[in-house]
Each structure stands twice: as C-alpha cells, then as structure tokens.
S.K.: 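Let me give you the structure first, and then I'll get to my questions.
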Amino acid sequence: MIIRDFEPKHIEESAEISLDVYNYERAFTQALPETSIIPIPILDQLSENGFGVAAFEGGKMVGF
C-alpha cells in the first residue's frame, strides 16, 4: 500500500468511494436519504488544507 498526500486530482475517485460507502450504509440505515452525489466542497477542503492522505493499492485508490 502506498500513502500519498490528498490532492485535487484525487477528488473524483474519492467521491466515488464515498458514494459507495454511503450506499452500503443506507442498506442498514433506512432513514438515510438516497443520493447520487457527494458534496465536492468537502473533498476540496481536504485537498486544500494539506491534512488529507490517499491510500493506493496496485495503482487504485482504496481509501482516503
């Protein structure tokens, strides 16, 4: 596993991961509303503040 600084180029892939996790949680928590997007401003902040990291395995992002 390779850990790198979270950068703006990671936003799209991290949004996909976030949506997948959210939809998984929805299967157990029916009160969560259905959505097809994750608010990008949250991920923008993560890439701008210098505190975020992204984890890669085999060239694919597996977490952040």
S.K.: Can you list, pair by pair, the side-chain donor-acceptor contacts under 3.5 Å of residues 11-19, counting residues two or more places apart and other chains?
M.R.:
unit_1	atom_1	unit_2	atom_2	d
Glu13	OE2	Met61	N	3.1
Ser14	OG	His10	O	3.1
Ser14	OG	Ile11	O	2.9
Ser18	OG	Ser14	O	2.9

S.K.: If you take all heavy atoms of Asn49 and Leu46, which pair is closest and at what distance?
M.R.: OD1-O, 3.2 Å

S.K.: So which pairs with a foot in residues 20-48 pass salt bridge (charged side-chain N to carboxylate O under 4.0 Å, His left out), sequence neighbours left out?
M.R.: none

S.K.: Mark yes or no for whether Thr29, through its side chain, and Ala31, through its backbone, hold a donor-acceptor pair below 3.5 Å.
M.R.: no

S.K.: For Val62, what residues pass the side chain to side chain contact (heavy atoms under 4.5 Å, CB included) criterion, not counting sequence neighbours?
M.R.: Met1, Ala55, Glu57

S.K.: Which residue pairs pass the ring-ring contact (aromatic ring centres under 6.0 Å, His included) test when at least one of the two sits in residues 26-50, sequence neighbours left out?
M.R.: Tyr24-Phe28

S.K.: Please name all residues satisfying side chain to side chain contact (heavy atoms under 4.5 Å, CB included) with Arg4, sequence neighbours left out, ordered by chain then number.
M.R.: Ile2, Phe56

S.K.: How close do Phe6 and Leu43 get, heavy atom to heavy atom, and via which atoms?
M.R.: CE2-O, 3.6 Å

S.K.: So, using salt bridge (charged side-chain N to carboxylate O under 4.0 Å, His left out) as the criterion, who are the partners of Lys60 when residues are at least two apart?
M.R.: none

S.K.: Can you give me the closest heavy-atom contact between Pro8 and Ser47, atom names plus distance?
M.R.: N-CB, 3.6 Å

